[in-house]
Enquirer: 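One structure, pasted below without further comment.
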Amino acid sequence: MKVTYYGHSCFMVEAMGKKLLFDPFISPNPLASHIKVDEIKPDYILVSHGHEDHLADLVAIAKQSNAMVVGVWEIYVWATKQGLTNVHPMNTGGRKTFDFGTVQLTSAVHSSSFPDGSYAGNPVGFVVETQEGNFYYSGDTALTMDMQLIPKRTTLNFALFPIGSNFTMDAHDASIAADFVLVNKVIGLHYDTFGFIQINHDEAKKTFSSSGKELILLKIGESIDL
Ligand code: NI
Ligand code: MN
């Protein structure tokens, strides 16, 4: 699977010949000003929750690509009101098989509202299972015991966790989350974008390496094969 980082919590995974984009927030991110948003053409867009820093570019990218948008019921209703027609509603715990593999929504301990303040349902994470491998994107969340349920059903190849603290887990809690879900490789997200979440990269990586795990911090625009 090829993973490309677009800054903050936005990344693309290419698996089974399909492109899955998560939490598109690119054009308002000054660190991602070199990314050409109008050239991003995913097949699916998965949205973890309604906060602006996870869906700012959702409608534009969905319209230019006709990608299927996947999110909780309230995201489905909101996206449909924005004029999107290719939207699939799910909710926490639900599983659905698509043409690339299966998605299950996990609980996330966070909040969720749309940019206008209206209710956006519960925040979620995603477990994605494909014949090329499986991964878990937690979305914005605290460290939570629920994560221990994931490896009871799915053997993961890697995980993507927020590490910026203040609004979510920091690297220390993310390394415990990696233990909970039985992965050794974690891609860090949700750091450095704003002053509240600036982190020391070397310290964050050491937190993982001291317990035999790897924290991968991609450059914005960089791709990696996992
Ligand atoms: Ni959030
Ligand atoms: Mn966020």
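Each ligand, and each atom within it, is numbered from 1 in the order the structure gives.
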Enquirer: Tell me which donor-acceptor pairs under 3.5 Å the side chains of residues 73-83 have, and how far apart each pair is, sequence neighbours excluded?
Expert:
from, atom 1, to, atom 2, distance (Å)
Thr80, OG1, Tyr76, O, 2.7
Gln82, NE2, Trp78, O, 3.4

Enquirer: Below the 2.8 Å mark, what number of protein N, O or S atoms do you get around the Mn ion (ligand 2)?
Expert: 4
Enquirer: For Arg95 and Glu129, what are the C-alpha separation, side-chain angles and deciding distance, and is it a salt bridge (charged side-chain N to carboxylate O under 4.0 Å, His left out)?
Expert: CA-CA 10 Å; Arg95 284 170 72 87; Glu129 301 173 356; 3.0 Å; yes
Enquirer: Do you know which two heavy atoms are closest between Ala56 and Pro28, and how far apart they sit?
Expert: CB-CG, 3.7 Å
Enquirer: Relative to Phe208, does Lys206 satisfy both conditions: NZ or CZ under 6.0 angstrom from the six-membered ring centre, and within 45 degrees of the ring's axis?
Expert: no
Enquirer: Strictly by modelled atom types, are Tyr44 and Asp99 linked by a side-chain donor-acceptor pair under 3.5 Å?
Expert: yes
Enquirer: Measure the spacing between CG of Leu46 and OH of Tyr137 and express it to the nearest 0.5 Å.
Expert: 10.0 Å
Enquirer: Is the Phe158 ring parallel, tilted or perpendicular to the Phe135 ring (thresholds 30°, 60°)?
Expert: parallel
Enquirer: What donor-acceptor contacts under 3.5 angstrom involve side-chain atoms of residues 168-177, with partners at least two apart or in another chain?
Expert:
from, atom 1, to, atom 2, distance (Å)
Asp170, OD1, His172, N, 3.2
Asp170, OD1, Asp173, N, 2.9
Ser175, OG, His172, O, 3.0

Enquirer: For the residue pair Phe22 and Phe11, does the interplanar ring angle fall in the parallel (under 30°), tilted (30 to 60°) or perpendicular (over 60°) class?
Expert: parallel
Enquirer: May I ask you to list the protein N, O or S atoms found at less than 2.8 Å from the Ni ion (ligand 1)?
Expert: His49 NE2, His51 ND1, His110 NE2, Asp140 OD2
